[in-house]
Student: 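This is the structure, below, for whatever I ask next.
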Protein chains: 2
Amino acid sequence: MHVTLKDVCKKTGFSTATVSRVLNGSPLVTEDTKRRVLAVVEDLGYQPSHTARMLKLKRTDMLAVVFPPLDVGFFTEVLRGIDAATSEHNYHMMTAFSHGPEDERKLINRVIRERRADALILMNLTLPENYLRGLARYGMPITLIDRPMARSKMASVSLDNRTGARAATVHLLDHGHRNIAFITGPKGTYDADERLAAFRETMQERNCPVDRQLIWPGRFTEPSGREALARWLDGGGDLPDAIFAANDAMAIGALGVLRERGYDVPRDTALVGFDDIESARYLGITTVHVPMRELGAKSAQVAIQQVTRHQTGIAHRLPTELVVRASCGTHTGNAAPRAQAVSTRSRNIPT
Amino acid sequence: MHVTLKDVCKKTGFSTATVSRVLNGSPLVTEDTKRRVLAVVEDLGYQPSHTARMLKLKRTDMLAVVFPPLDVGFFTEVLRGIDAATSEHNYHMMTAFSHGPEDERKLINRVIRERRADALILMNLTLPENYLRGLARYGMPITLIDRPMARSKMASVSLDNRTGARAATVHLLDHGHRNIAFITGPKGTYDADERLAAFRETMQERNCPVDRQLIWPGRFTEPSGREALARWLDGGGDLPDAIFAANDAMAIGALGVLRERGYDVPRDTALVGFDDIESARYLGITTVHVPMRELGAKSAQVAIQQVTRHQTGIAHRLPTELVVRASCGTHTGNAAPRAQAVSTRSRNIPT
DNA sequence: GTGAAAGCGCTAACAA
DNA sequence: TTGTTAGCGCTTTCAC
């Protein structure tokens, strides 16, 4: 059997109250008592049962994180960010990956209803706003990553997608590309919509008409990026001057198709992604850097603040930043120095 | 306030015992009682408190996973594997990334002593065997990923590193490479040691002397791969016929150096990695595929078996498999068809 | 078949 | 300063 509070009491002769006080650093105990209790605690190798504590205190010191079923390296980074902040505040992290929308709701419900965690962090899910609002009723603080909630007090940590998408579009335009294709993310996803909108706006501002045919639907996955470009080319479409994918996974998919068909990047077409995942760096893909760790860390902090300080409606927006690499722009000759001006994150493996 | 068992009792008129029986599917209740109780449960939106249950049953339905502070995409995949098996068995997953060896022990101790989980999965840690054996005393089942424990009953799920490393080495030799450099993983790590040992053995069997100078120390990280090759070249070393890195991250690091210095892969030197992470596929790096998801899924299954069936000393060993891509061997002309024979996993983006 | 009651291991009034 | 005691919300003997 394992050691409980009572064992410590028996051995010290003190009551549970006193021992508990010592353990919780109450000032209402003699130095001597404290010493004696701690000695026995040490001796017996006693450790308070977290479970019992939970039941009494109605705290779990646990943050639950639910991720969508996407595979991209993006989530690892976010997870690490959450982990870092979480453990810094002496919280634990419970992780679950959803395996589809139904599963997502089941997961979320289970966590909330069983009160397995003090707060819930939801990432980039496509769940409708009113469903999310409904969750608020259960009283567990929820922090949304990647989606500010318009008319609600739900906390969120999101991205300034527009500035990044705008910078990328401007970069392409500045390098003389006009005929730019855009591979979208799943419709209805906040980030995807913002990125597309900013692309459109920027094009319009520059009096550069957007060819509707060149808006290719994607799903934020690598295969969907492949398909988008392949379908266009197979349908007899000309290779555009540039391709702007709403995330790196799709950019990588498109790059695969380009290489397989003998096209050179950036000579035949420029390519830009979004996120700045590890593979994008290795492949030399110009992209918009997203501070993934910070996204995670910030959301964990927000979640904890909601728990400990009962703060509500906290909304953060993190900046994004263009990172110029070989996949785009270098053929103008002076793009390299310019790249430095845009960002110092450009260490990469030339392709 | 939230709904408890008592609320259901009050509303139904039954005792806690009966309601609890209904909830746990006991056969000792009338169909009618069951119906009435469930109706009220539904009506009130009652959900049993997991915490209270835990305290009573001394089960947490939680698997704790501790990962090392490495960044590689490897872990994401393993984590997904664990998640899949975990949720399939109605368990939850608690994740923690260590931030160094001291931290690692602290994390592990906390989980074990507080009994936050029913079982613990440890991944690829460099913790000494006797420390691990010491942990067994606490009674929490531990499953090791990537390291079979020689003289102990600790469960493990590990890799057949040798077969994979052997296949890779043979592949390089068959393509006429003799002068092969090997970038090692951190000394003392099971996988790293096995891979190096198999490389050495295979070379010897083929009467191909291993040049000690060409064994470059690495740490399983991308920068360490860069450094290993850069140091050699900067020291005036000739580019070897081939480079075999003990993992993909380091292979990618070396590839970066090669490209920066204008070398072509595989023309100037062949390159082989280990793990088959996503980036390796995109970069067309020949590598040894490691079934990362299975590694995770299997370890979760083993962990759960230990909990539910009190099985002990389960040891699994998963196969690895050579995947031939562009970074190696294709310059012989007929390597492509051969690649098919070796593995069908070779879809990749030609570099 | 159902209920009363005793805990699981802890914390925190309240009393002394 | 320390002890007594009543729970937290559930499961499970043991009676009935």
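Naming convention: chains lettered A, B, ... in sequence-line order (proteins, then strands); numbering from 1 in each chain.
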Student: Does any donor-acceptor pair link the side chain of Lys56(B) with the base of dG9(D) at a separation under 3.5 Å?
Tutor: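 Per atom types, no contact qualifies.
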Student: Looking at Lys58(A), does any N or O in its side chain come under 4.0 Å of the phosphate oxygens OP1/OP2 on dG9(D)?
Tutor: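 So the side-chain polar atoms of Lys58(A) do come within 4.0 Å of the phosphate oxygens OP1 or OP2 of dG9(D), strictly under.
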Student: Which atom pairs link the protein and nucleotides 13-16 of chain C when you take only N or O atoms and keep those under 3.5 Å?
Tutor:
none

Student: Which residues within residues 106-115 of chain B lie with some heavy atom under 4.0 Å of an atom in DNA chain D?
Tutor: none
Student: Which pairs count as ring-ring contact (aromatic ring centres under 6.0 Å, His included) when at least one residue sits in residues 4-32 of chain B, sequence neighbours excluded?
Tutor: none
Student: Is the number of heavy atoms from other residues, nucleotides or ligands within 6.0 Å of CD (Glu42(A)) greater than 12?
Tutor: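 Not more than 12 within 6.0 Å, no.
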Student: Round to the nearest Å and state the distance from Tyr46(A) atom OH to dG9(C) atom P.
Tutor: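 It is 10 Å, rounded to the nearest whole Å.
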Student: For Leu132(B), which residues count as a side-chain contact (heavy atoms from CB on, under 4.5 Å) partner, sequence neighbours excluded?
Tutor: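 So Leu132(B) forms a side-chain contact (heavy atoms from CB on, under 4.5 Å) with Leu122(B), Leu127(B), Leu135(B), Leu144(B), Arg147(B), Met149(B), Met154(B).
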Student: Is a salt bridge present between Glu129(B) and Arg133(B), judged by a nitrogen-to-oxygen distance below 4.0 Å?
Tutor: yes
Student: Side chain of Arg53(B), heavy atoms from C-beta onward: which of dA12(C), dC10(C), dC10(D) has the nearest atom to it?
Tutor: dC10(D)
Student: In chain order, what residues pass the side-chain contact (heavy atoms from CB on, under 4.5 Å) check against Ala85(A), with sequence neighbours excluded?
Tutor: Ala297(A), Ala300(A), Gln301(A)
Student: Has Ser20(A) got a side-chain N or O lying under 4.0 Å from the OP1 or OP2 atom of dT11(C)?
Tutor: yes
Student: Which of the following nucleotides, dC10(D), dG1(C), dG9(C), is nearest to the side chain of Thr33(B)?
Tutor: dG1(C)
Student: Taking the minimum atom-to-atom distance to the side chain of Thr16(A), which one of dT12(D), dC10(D), dT11(C) wins?
Tutor: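 Minimum distance to the Thr16(A) side chain belongs to dT11(C).
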Student: Between Ala52(A) and Gly13(B), just flag the one whose closest nucleotide in DNA chain C comes earlier from the 5' side.
Tutor: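 Nearer the 5' end of the strand: Gly13(B).
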Student: Show me the pairs that pass ring-ring contact (aromatic ring centres under 6.0 Å, His included) and involve residues 88-110 of chain B, at least two apart or across chains.
Tutor: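 Found Phe67(B)-Phe97(B).
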Student: Between Ser87(B) and Asp83(B), do the side chains contain a donor N or O and an acceptor N or O under 3.5 Å apart?
Tutor: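 Ser87(B) and Asp83(B) do not have a side-chain donor-acceptor pair below 3.5 Å.
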Student: For Met54(A) and dG9(D), what is the distance between atoms CE and C1' respectively, to the nearest whole Å?
Tutor: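 About 11 Å, once rounded to whole Å.
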Student: Please enumerate all residues that pass side-chain hydrogen bond (donor to acceptor under 3.5 Å, both in side chains) together with Gln306(B), with sequence neighbours excluded.
Tutor: Thr143(B)
Student: Have a look at Leu23(A) and say if it touches a base, only the backbone sugar-phosphate, or nothing, with a 4.0 Å heavy-atom cut-off.
Tutor: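 The residue Leu23(A) makes no contact with any strand.
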Student: Asp7(B) has an atom CG; how far is it from atom P of dC8(D), in whole Å?
Tutor: 11 Å
Student: Met140(A) pairs by side chain to side chain contact (heavy atoms under 4.5 Å, CB included) with which of Leu120(A), Asp118(A), Val307(A)?
Tutor: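 Going through the options one by one, the only one that passes is Leu120(A).
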Student: Residues in side-chain contact (heavy atoms from CB on, under 4.5 Å) with Arg35(A), at least two apart?
Tutor: Glu31(A), Asp32(A)
Student: When we call it a touch if two heavy atoms are under 4.0 Å apart, what does Ser49(B) touch: a base, just sugar-phosphate, or nothing?
Tutor: sugar-phosphate
Student: Side-chain N or O of Thr30(B) less than 4.0 angstrom from OP1 or OP2 on dT2(C)?
Tutor: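 Result: yes.
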Student: If an axis is fit to five pairs at each end of the helix from dG1(C)-dC16(D) to dA16(C)-dT1(D), what is the angle between the two, to the nearest 10°?
Tutor: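 One end's axis against the other's: 40°.
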Student: Quick one: which residue pairs count as a ring-ring contact (aromatic ring centres under 6.0 Å, His included) with a foot in residues 101-152 of chain A, not counting sequence neighbours?
Tutor: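 Residue pairs passing ring-ring contact (aromatic ring centres under 6.0 Å, His included), neighbours aside: none found.
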Student: Does dT2(C) have its OP1 or OP2 closer than 4.0 Å to a side-chain nitrogen or oxygen of Thr18(B)?
Tutor: no
Student: To the nearest Å, how far apart are Leu5(A) CG and dT11(C) P?
Tutor: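 Computing the Leu5(A):CG to dT11(C):P distance gives 6 Å.
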Student: Using the test side-chain contact (heavy atoms from CB on, under 4.5 Å), find all partners of Lys56(B) that sit at least two apart in sequence or belong to another chain.
Tutor: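 With sequence neighbours excluded, Lys56(B) shows a side-chain contact (heavy atoms from CB on, under 4.5 Å) to no residue whatsoever.
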Student: Measure from CZ on Phe14(A) to P on dT5(D) and round the result to the nearest Å.
Tutor: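 In whole Å, dT5(D) P and Phe14(A) CZ are 19 Å from each other.
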Student: Between dA4(C), dG9(D), dG1(C), which nucleotide gets closest to the side-chain atoms of Leu28(B)?
Tutor: dG1(C)
Student: Take the protein atom CZ of Arg36(B) and the nucleotide atom P of dG1(C), then report the distance between them rounded to whole Å.
Tutor: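 Result: 15 Å.
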Student: Measure NZ/Lys10(A) against C1'/dG3(D) and give the value in whole Å, please.
Tutor: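 Taking NZ of Lys10(A) and C1' of dG3(D), I get 16 Å after rounding.
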Student: Using side-chain hydrogen bond (donor to acceptor under 3.5 Å, both in side chains) as the criterion, list what pairs up with Thr86(A), not counting sequence neighbours.
Tutor: none
Student: Please report the distance, rounded to the nearest Å, between CG in Leu57(A) and C1' in dC8(D).
Tutor: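 In whole Å, dC8(D) C1' lies 9 Å from Leu57(A) CG.
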